[in-house]
J.: 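Dumping the structure here so I can ask a few things about it.
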Amino acid sequence: MLRGNQALIDRDLAVLWHPCTQMKDHEALPPVPIRRGQGVWLEDFEGKRYLDAISSWWVNLFGHANPYINAALRAQAEELEHVILAGFAHEPAVRLAERLVSLAPPGLSRCFYADNGSSAVEVALKMSYHHWRNLGRTRKTRFITLENSYHGETLGALAVGNVPLYKETYAPLLMDVISVPSPDCYHRAPGESWDAHALRRFADMESALASHAEEACAVIVEPLVQCAGGMRMYPPVYLQRLREACDRHGVHLIADEIAVGFGRTGTLFAFEQAGITPDFLCLSKGLTGGYLPLSAVLTRESIYQAFYDDYASQKAFLHSHSYTGNALACAVALATLDLFERDDVIARNRDKSKTMSEAAAVFADHPHVAEVRQTGMILAIELVKDKASREPYPWQERRGLSVYRHGLDRGVLLRPLGNVIYFMPPYVISDEEIRFMADVAYEGVCRATED
Ligand SMILES: *Cc1c(COP(=O)(O)O)cnc(C)c1O
């Protein structure tokens, strides 16, 4: 019998269908079998280690097998693993809702749980629509979204997202949305500031709101960084304008902080940098420190009150998922929030993001790098065929994939988004590990762009 990596690979390929994968690619590059994790490191069955530079798809905050979170998980498992949350309550769900409400800006006073990011987006969309319906505003049935945005893979979430790679195939199945050009600052004019560009782009949003206010339930955005859309970034001023315009036109603002929440952009929540409060806040990914699927939608008391009535009024929000408010997941989320407080993580990350910026400075002069951009703990490098014109590499060449392969050879898990290489590491990464991650990525970029 084969041992080590190959044994697991063979069994895997016989039965598994991997997410977001052309399975035929595994003929050339099999999945990497992981035996255990420790801190920022993953280890395969033959002792080879990989630095997890992308936090295992943006979920991990405090490292793999974190002793503090492990202990919380163990303790909770001894007490209560799960109970139906309709008609029942438990301590971790209540405690977590209390803490999320206290961390969110005043106004967001109600917490609704779901069990993954996409379903949190579905909840926010349905709640927004249903809120207006309960008020008799039955013409409000549509959503406004930004180009290049990503909100998940279920049909509602996919419909309000706007990355063609994921969306186009399923277009005939999706509800029709109002799509507005993104403030994405990669596309700013030469010499133009981020703010000037974002403000110029806001004119499109303003006119969409003006023409569709009667039929629009909400605008949904990823505050500051459009992550799956290639880590494209824009400044807080856009969110300030958006908040003001949504209020003026009577349209909700949904902040999808599933990826950017929990410190990724340098503040606990990204929208804080704009000094605004959304009407719905979607949280997942880092919420449980990368341990278990859980999501939460926070909303305003006034929205909650629009559903609160006698049963016969038929205004209730009859939405649920089997694992809503799972006790184990809530317990690890509470432990994750403990670590933020105990270690003053937001402040410490300021130094780490500076180290990231220094370690990645070398990319700026590379002949095939159009831009190095950073917001907090997210740093992205845009590879192009031609630096001056920013002509992209044809996607068929899969340059990012060769950076990925080089990373694996050298022991760094990078998973470029097309031709965008990025770092979004767990916060427990050391300065030395940051430099290693950047060095390996730089070698990978040099090789991938040789010809
Ligand atoms: C990942 C992501 C989602 C979807 O979350 P899943 O848990 O993968 O369903 C939604 N919105 C944003 C911004 C995301 O990055």
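Each ligand, and each atom within it, is numbered from 1 in the order the structure gives. Heavy-atom basis, side chains included; hydrogens, waters and symmetry copies ignored. Everything numeric in this text was worked out from a predicted model, so none of it was measured. We number each residue from 1, following the sequence as shown.
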J.: Do Arg241 and Glu244 meet the salt-bridge criterion of a basic N to acidic O distance under 4.0 Å?
T.: no
J.: Just checking, is any N or O donor in the side chain of Tyr68 or Asp338 under 3.5 Å from an acceptor N or O on the other one?
T.: yes
J.: Would you say the side-chain atoms of Thr21 pair up with the backbone N or O of Met23, donor to acceptor, closer than 3.5 Å?
T.: no
J.: I'd like to check Ile258 versus Ser295 (side-chain heavy atoms, cut-off strictly below 4.5 Å). Are they in contact?
T.: no
J.: Please enumerate all residues that pass salt bridge (charged side-chain N to carboxylate O under 4.0 Å, His left out) together with Glu168, with sequence neighbours excluded.
T.: none
J.: Please list, by chain and number, the protein residues whose heavy atoms come under 4.0 Å of ligand 1.
T.: Trp58, Asn116, Gly117, Ser118, Tyr150, His151, Gly152, Glu222, Asp256, Ile258, Ala259, Lys285
J.: Check the side chains of His90 and Gln76 for a donor-acceptor pair under 3.5 angstrom, ignoring hydrogens and angles.
T.: no
